[in-house]
Visitor: 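Please read through the structure below; I'll follow up with questions.
In what follows, chains carry the letters A, B, and so on, assigned in the order in which the sequence lines appear, proteins first and then strands, with residues in each chain numbered from 1. Remember, predicted model here, so these are calculated numbers, not experimental data.
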Number of protein chains: 4
Amino acid sequence: MKREPKRAMPRAKSAEKNARSAKAGTRKPSLAPTRRERVQSKEDAIIAAAHKSLTTRGFAKTTMSEIARKAGVAEGTLYLYFSNKNALARAVLAVFYKRLTQTAKTGVAKCATTREKLEFLARHHLESIIGERRLLELIASDVRNTDAYEGSDVYKMNREYVAVFDDVMRGGVWRGEIEDGAAQWIKRDIFFGSLEYSMRTLLMKKRSSKKDVAAVVAELVKLLMGGAGVRTEPMSNRDLTKAVERVDAAALRLERLSAVKM
Amino acid sequence: MKREPKRAMPRAKSAEKNARSAKAGTRKPSLAPTRRERVQSKEDAIIAAAHKSLTTRGFAKTTMSEIARKAGVAEGTLYLYFSNKNALARAVLAVFYKRLTQTAKTGVAKCATTREKLEFLARHHLESIIGERRLLELIASDVRNTDAYEGSDVYKMNREYVAVFDDVMRGGVWRGEIEDGAAQWIKRDIFFGSLEYSMRTLLMKKRSSKKDVAAVVAELVKLLMGGAGVRTEPMSNRDLTKAVERVDAAALRLERLSAVKM
Amino acid sequence: MKREPKRAMPRAKSAEKNARSAKAGTRKPSLAPTRRERVQSKEDAIIAAAHKSLTTRGFAKTTMSEIARKAGVAEGTLYLYFSNKNALARAVLAVFYKRLTQTAKTGVAKCATTREKLEFLARHHLESIIGERRLLELIASDVRNTDAYEGSDVYKMNREYVAVFDDVMRGGVWRGEIEDGAAQWIKRDIFFGSLEYSMRTLLMKKRSSKKDVAAVVAELVKLLMGGAGVRTEPMSNRDLTKAVERVDAAALRLERLSAVKM
Amino acid sequence: MKREPKRAMPRAKSAEKNARSAKAGTRKPSLAPTRRERVQSKEDAIIAAAHKSLTTRGFAKTTMSEIARKAGVAEGTLYLYFSNKNALARAVLAVFYKRLTQTAKTGVAKCATTREKLEFLARHHLESIIGERRLLELIASDVRNTDAYEGSDVYKMNREYVAVFDDVMRGGVWRGEIEDGAAQWIKRDIFFGSLEYSMRTLLMKKRSSKKDVAAVVAELVKLLMGGAGVRTEPMSNRDLTKAVERVDAAALRLERLSAVKM
DNA sequence: AATGAATGAGATTTCATTCAT
DNA sequence: AATGAATGAAATCTCATTCAT
């Protein structure tokens, strides 16, 4: 099932990639694409082709020759850019996460309140993964398990992506809008886990409406922000209770006092 | 890529069916297994072997010959009981769900309160899937997508399993312990989605403690039962309202008092 | 039972196509075979190997691995050139027909009379198929029935081959050597059907002689050209009848004459 | 591809069959089927089932289990009656030939002239094989080649069948209706070969008409009976013979006359 | 005599990966 | 740097035949 390389592959790739963007300013401008640009665009084409196949057919059914055809390169060329099918899939995931992070950050920046930010993030995530569910299989399976996932590009990009959510949540806590209850990783898992499960349900429904998405998003945000979520004033339930009790007691004493006096 | 069965399979399959011959009591008891018993035990052995391979190596890397070897039968025999690899995987899933449903129901029955029931279900699910994460891949991928998933055995067993959760939730709502907010399917997705995502995090942690599991369970149940869950003293919203009314009334009287005095 | 190709095959296949690159003359001649030449020769080798196996062991008993071994290539390579076993068998048939047509045309061109042409064709066909009877099974069975036979290469080549016979017959009719009786397809079926059946008989005879072949050929041609074929004296039955009647009448007159005289 | 038995099979079959019909008269009549009758009917059922599968799906695609199912017996039972798939197929062929021979003989007996007999035989053969073309594949391939064909039941039955044709032809020759030209086996091959080839053409035609069948039959018979078939004036061979005798007699008298004169 | 579960050799086909050009 | 033909291990699935019951 797996045919791992028998000998180390002589590829210059990483170096190439890292060298990119280096002293771009010093290069003399030219209309014809430079070698570096050509290489980059070819890599992009391969990733785009792989992305398309992966999302439409899934990992197992996607073949390297199919990707090569779509990308307009020879099969052998794929191995010049990526050491194997798994690495290529990981690159696709990395790009996916990069884009996702980008749009998430941009969208969040436009939101005023924590609530709005969370709502945006939830909807954004849900809508994004609905079209790329096959990509998520990758995360849960082979690509993630086979080789060192931690330390890989995908892992890093994933951290960066969820960090957007973490920042929003921490901001909410700091400003007292969200109770500092559970550990952040737990909230994170609840957030993304719920959304991915909902995606499956949505996909199974014959016709999933915008309303369904909205309902999921609303409920999730409500839960994460504390049931109090609808309150305008940010006083906690417990504080309120205490306060009421104090006032109640005070009123009682006043009443007794006045009753005596009168 | 896959070839689905062309003809009906000569298999004895389900226990229910085998029990049919009814007057088992009249047969003279014998220590040697009957033909039917052997068939059943063989099917069990195959499923057990498949389960083991599937959970340890995943669907793609599991081969039929590996399963046959583990089960102690010839490769061809597998196809006597299951029309293809997919069907076998589905049978494994069905057994998994059946067992899961059984233990879930039993456990829930022993719990007194809705809270306890939910906590039990959450912990039970989390602990169960930690060892069988590869099995869950199946649900999310091939087995689910390839053929008519809806209407399949797995689908039915899955419905039965989640129904346990649904019943608990509905019971809680009915008894006023849980707010009847979002649609049931949303709560369900939040519950199971959160747990499965948490499972992944737990598995990635070098050493996931019992405390982590407990924390996830607690937080999830808190959210589903409404934030009120954490209060020490059980003052209900209704109590609070009453108190506010009292304070309001007291304030009114104070106002009158002061009006008299002044 | 059979799985037909799902995707286009990366094959160089036909000679015509390869000749396309046109300025072959400008290329500097080299002794080492070019890539294209190697591809073509490999295809030829595969077809030759398949031909050998097919004719000696028949379709069912011929295995792809056997062909690969004979051709000196890996099994997978076969599928680079032919999408499956059926397609390979059809290619073998196509080559067979091509060669057959070639030699038939050449031979016919050398013959003077229609009779000679038919005799040549009959003998040529009979001798050709005696060594390749297993190939003919293909035509009558799987290869022909499984997929769209009509429109296939084999079909076209077969049409081309039988056209040689058709032309000869039509020529004979046009020149008045053959009576324009039955439909052409009927004559064609009689011609080829008789020969193939005779082949079987010949093969069953412990020692089939040249004389047997000659006898079959002679008889068949005689029939197709009209019974006149065997007459030494070219007098028809009708002529004979007339002659007899004339003699009869003459004898009668003589008798009367002599009776008077005497 | 072939899995021939590894050891001789302990079957009583032949003996059983031959013993049949033995002293039938001595058996006491009974309404319930005897053991022998049951065995015979089971064999018949198997052959009938095999015949159906063989004619509709061909040899390769017909499976023993399919036959067993259709015949209403267990797979193992097939091997009690026939040593392997090939033998079963041969039995089917034998039955086919037996029936064919029977109907051929009956039909021929009802015809007055040689011409009519041939026409009947041709049409009968053509119509019979059109529905059973898959059976004919057997004759041309495996069944015939694999084991000792000569000496087998099929071979004998085939001889018996073609003997019907042979008899008709020999009768025609003896009565002077057919020229005694070619060897009988040649005429036989022409007859059956032409018809089987025509069958293929007929099957390929989108809609083969009765007229097509009639045309083939007419042409074939015309050829076999000699071109005489087309004569306009009906002077029979017998007339011709008489005339010759008269001429001969006349010549004799003339000789005598001249002897007197001289 | 009958059964039918079990066998296991063997067939076709796929495709990630290599490497000579 | 690019190609793409070649590889060959490995996977799934079939089915004639056997044999314990």
Visitor: Of all the nucleotides listed (F:dT12, F:dA6, E:dA6), which has the minimum atom distance to the side chain of B:T63?
Guide: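 In terms of side-chain proximity for B:T63, the closest of F:dT12, F:dA6, E:dA6 is F:dT12.
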Visitor: With nearest nucleotides of DNA chain E determined for C:E75 and B:A74 from heavy-atom distances, which residue corresponds to the more 5′ nucleotide?
Guide: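 Closest to the 5' end, via its nearest nucleotide, is B:A74.
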Visitor: Looking at F:dT3, which nucleotide sits across from it as a Watson-Crick or G-U wobble partner, both distances under 3.5 angstrom, or is there none?
Guide: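 Matched F:dT3 with E:dA20 under the 3.5 Å cut-off.
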Visitor: To the nearest Å, how far apart are A:I46 CD1 and F:dA2 C1'?
Guide: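 Spelled out: CD1 on A:I46 to C1' on F:dA2 is 11 Å.
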Visitor: Let me know the distance between NZ of A:K61 and C1' of E:dA16, rounded to the nearest Å.
Guide: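 Rounded to the whole Å, the gap is 18 Å.
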Visitor: State which of E:dT13, F:dT7, E:dT17 makes the closest approach to the side chain of C:K85.
Guide: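 The closest nucleotide is E:dT13.
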Visitor: What is the distance, to the nearest angstrom, from the CD atom on B:E66 to the C1' atom on F:dA10?
Guide: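 Taking atom C1' of F:dA10 as the reference, CD of B:E66 is at 13 Å.
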Visitor: To the side chain of C:V73, which of F:dT7, E:dA2, E:dC15 is closest?
Guide: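 Nearest to the side-chain atoms of C:V73, counting from C-beta on, is F:dT7.
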Visitor: Starting at CZ of B:F82, measure out to CD1 of B:I47 and round the result to the nearest 0.5 Å.
Guide: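 The CZ atom of B:F82 sits 4.0 Å away from the CD1 atom of B:I47.
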Visitor: Measure from CZ on B:F82 to P on F:dT14 and round the result to the nearest Å.
Guide: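 Distance check: B:F82 CZ to F:dT14 P gives 16 Å.
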Visitor: Rounded to the Å, how far apart are B:L78 CG and E:dG8 P?
Guide: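 So the CG-P distance, B:L78 to E:dG8, works out to 13 Å.
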Visitor: Going by purine N1 to pyrimidine N3 plus the second Watson-Crick contact, or the G-U wobble pair, all under 3.5 Å, which nucleotide sits opposite E:dT13?
Guide: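 F:dA10 is the nucleotide pairing with E:dT13.
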Visitor: Judged by each residue's nearest nucleotide on DNA chain F, which is more toward the 5′ side, A:K42 or B:S65?
Guide: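 Closer to the 5' end of DNA chain F: A:K42.
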Visitor: Please pick, from F:dT12, F:dA6, F:dA1, the nucleotide with the shortest atom-to-atom distance to any side-chain atom of B:Y79.
Guide: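 Ranking F:dT12, F:dA6, F:dA1 by closest atom to the B:Y79 side chain puts F:dT12 first.
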Visitor: Of A:T62, A:I67, A:T63, which is the lone residue that meets side-chain contact (heavy atoms from CB on, under 4.5 Å) with A:S65?
Guide: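 Result for side-chain contact (heavy atoms from CB on, under 4.5 Å) with A:S65: A:T63.
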Visitor: To the nearest 0.5 Å, what is the distance between CG on D:L54 and CG on D:L138?
Guide: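 So the CG of D:L54 and the CG of D:L138 are separated by 5.0 Å.
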Visitor: Can you tell me the distance, in whole Å, between the CG atom of A:L88 and the P atom of E:dA16?
Guide: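 Rounded to the whole Å, the gap is 11 Å.
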Visitor: Going by atom types alone, do B:S53 and B:K70 pair a side-chain donor with an acceptor below 3.5 Å?
Guide: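 Judged by distance alone, the side chains do pair up.
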Visitor: Round to the nearest Å and state the distance from D:M64 atom CE to E:dG4 atom P.
Guide: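 Going from CE in D:M64 over to P in E:dG4 covers 16 Å.
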Visitor: Given atom CD1 of A:I67 and atom P of F:dG4, what is their separation to the nearest angstrom?
Guide: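 So the CD1-P distance, A:I67 to F:dG4, works out to 17 Å.
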Visitor: Looking only at side-chain atoms of C:Y81, point me to the closest of F:dA6, F:dT17, E:dA2.
Guide: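 Closest nucleotide among those given: F:dA6.
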Visitor: If you round to the nearest 0.5 Å, how far is OG1 of D:T77 from NZ of D:K42?
Guide: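 Rounded to the nearest 0.5 Å, the NZ-OG1 separation comes to 6.5 Å.
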Visitor: Closest approach to the side chain of A:T77, judged atom by atom: which nucleotide of E:dT17, F:dT3, E:dA2 is it?
Guide: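 Selected nucleotide (nearest to the side chain): F:dT3.
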